[in-house]
Participant: 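Please read through the structure below; I'll follow up with questions.
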Number of protein chains: 2
Amino acid sequence: MGFQESFKALSDPTRREILNLLRAGSMSVGEILEHFSITGASLSHHLSILKHAGLIDDEKQGKYMIYTLNTTVLDDILNWMMSLKGGEHHEES
Amino acid sequence: MGFQESFKALSDPTRREILNLLRAGSMSVGEILEHFSITGASLSHHLSILKHAGLIDDEKQGKYMIYTLNTTVLDDILNWMMSLKGGEHHEES
DNA sequence: TAAACATTTAGATAGTTATCTAAATATCTA
DNA sequence: TAGATATTTAGATAACTATCTAAATGTTTA
């Protein structure tokens, strides 16, 4: 769940679109899947990467797995980017 | 020079460290190279990717190539990330 | 102008990753 | 409980990428 994992997770357009979708609210895998032309297996792979990066949380609800956006990790990235722009010193890379 | 190229460029730790270095001011390839344990050829590859992503600019000064941080592209990314956090609608993905 | 220096380009290789199909696991419902 | 539904895991493949060495290009200096 470090910086590197977060950036890698964000570097794929499908995964960024998943995050965009989840802004509207939590969704099951099937609901997310409707917005893409990939198999469920591929989507599951992307969700796994986003989860390990801490960008989404999951919760099993009966037969469905519900995914929710988690924006806390984004703060670290925002912080780093602001420091690039602002010029303040910052350790993480 | 789209969103995708920027994120891909940022997803490599060497490239992020290059950006960190350039916060202190413009540098030649040789100066940047001192901070890494890779060959000049590999560094040149990374610089090329950062340049195509619009994250750095270059300028030839005699026998040296000087690279400079360009933070304008970061604004788009910051905007997108803020919208993920804030929940406002935003098109780019 | 020849040699030295700075950087990039070409070509190769090993590791990573996005995707697929098929199979496994888990849950619900008839 | 058997079958249907939802999601994940396993295994394979093609594409991509970070790195290297070697060679090419461009610039300065002796």
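The analysis underlying the following values was restricted to heavy atoms, covering all of them including side chains, and did not include hydrogens, waters or symmetry mates. Note on naming: letters A, B, ... go to the chains in the order of the sequence lines (proteins, then strands), and numbering restarts at 1 for each one.
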Participant: Mind calculating the distance between NZ (K51(B)) and P (dT7(C)) to the nearest angstrom?
Facilitator: 14 Å
Participant: For the pair L84(A) and N20(B), evaluate side chain to side chain contact (heavy atoms under 4.5 Å, CB included) and give the outcome as yes or no after the intermediate values.
Facilitator: CA-CA 7 Å; L84(A) 272 187; N20(B) 258 340; 4.0 Å; yes
Participant: Using a strict heavy-atom distance below 4.0 Å, which residues from residues 27-42 of chain B are in contact with DNA chain C?
Facilitator: S28(B), V29(B), G30(B), G40(B), A41(B)
Participant: Answer yes or no: is there a donor N or O on one side and an acceptor on the other, between the side chain of T71(A) and the main chain of L74(A), under 3.5 Å?
Facilitator: no
Participant: In whole Å, what is the span from the CG atom of D58(B) to the P atom of dT7(C)?
Facilitator: 12 Å
Participant: I49(B) near the nucleic acid: base, sugar-phosphate alone, or nothing, with a heavy-atom cut-off under 4.0 Å?
Facilitator: sugar-phosphate
Participant: Closest heavy-atom contact between I38(B) and L33(B)?
Facilitator: O-CD1, 3.4 Å
Participant: What integer distance in Å separates E59(A):CD from dT8(D):C1'?
Facilitator: 18 Å
Participant: Check every atom of dT8(D), dA18(D), dA18(C) against the side chain of L47(A) and return the nucleotide holding the closest atom.
Facilitator: dT8(D)
Participant: Would you list the protein and nucleotides 25-27 of chain C atom pairs, both N or O, that sit under 3.5 Å from each other?
Facilitator:
residue: dT27(C); atom: O3'; partner: K63(A); partner atom: N; Å: 3.4

Participant: Are the side chain of S44(B) and the backbone of A41(B) linked by a donor-acceptor contact shorter than 3.5 Å?
Facilitator: no
Participant: Considering just the side-chain nitrogens and oxygens of K8(A), establish if one lies under 4.0 Å of OP1 or OP2 belonging to dT16(C).
Facilitator: no
Participant: Donor-acceptor check, side chain of S28(A) to backbone of E31(A), threshold 3.5 angstrom: yes or no?
Facilitator: yes
Participant: Quick check against the 3.5 Å criterion: does R15(B) have a side-chain atom that pairs as donor or acceptor with the backbone of L10(B)?
Facilitator: no
Participant: Side-chain contact, heavy-atom cut-off 4.5 Å: L22(A) with T68(A)?
Facilitator: no
Participant: How would you label the contact of L43(B) with the nucleic acid (heavy atoms, under 4.0 Å): base, sugar-phosphate, or nothing?
Facilitator: nothing
Participant: Over how many whole Å does the gap from R15(B) atom CZ to dT19(D) atom P extend?
Facilitator: 8 Å
Participant: In whole angstrom, what separates I56(A)'s CD1 from dT7(D)'s P?
Facilitator: 13 Å
Participant: Main chain of S11(A), side chain of Q4(B): is a donor-acceptor contact present, judged purely on distance under 3.5 Å?
Facilitator: yes
Participant: Measure the distance from CE on M65(B) to P on dA24(D) and round it to the nearest whole Å.
Facilitator: 20 Å
Participant: Closer than 4.0 Å, any side-chain N/O of Y67(A) to the OP1 or OP2 of dT8(D)?
Facilitator: yes
Participant: With rounding to the nearest 0.5 angstrom, report the CG to NZ distance, L69(A) to K85(B).
Facilitator: 10.0 Å
Participant: dA18(C) P sits how many Å from H45(A) NE2, rounded?
Facilitator: 5 Å
Participant: Could you tell me the separation between the CD atom of Q4(B) and the C1' atom of dT17(C), rounded to a whole number of Å?
Facilitator: 13 Å
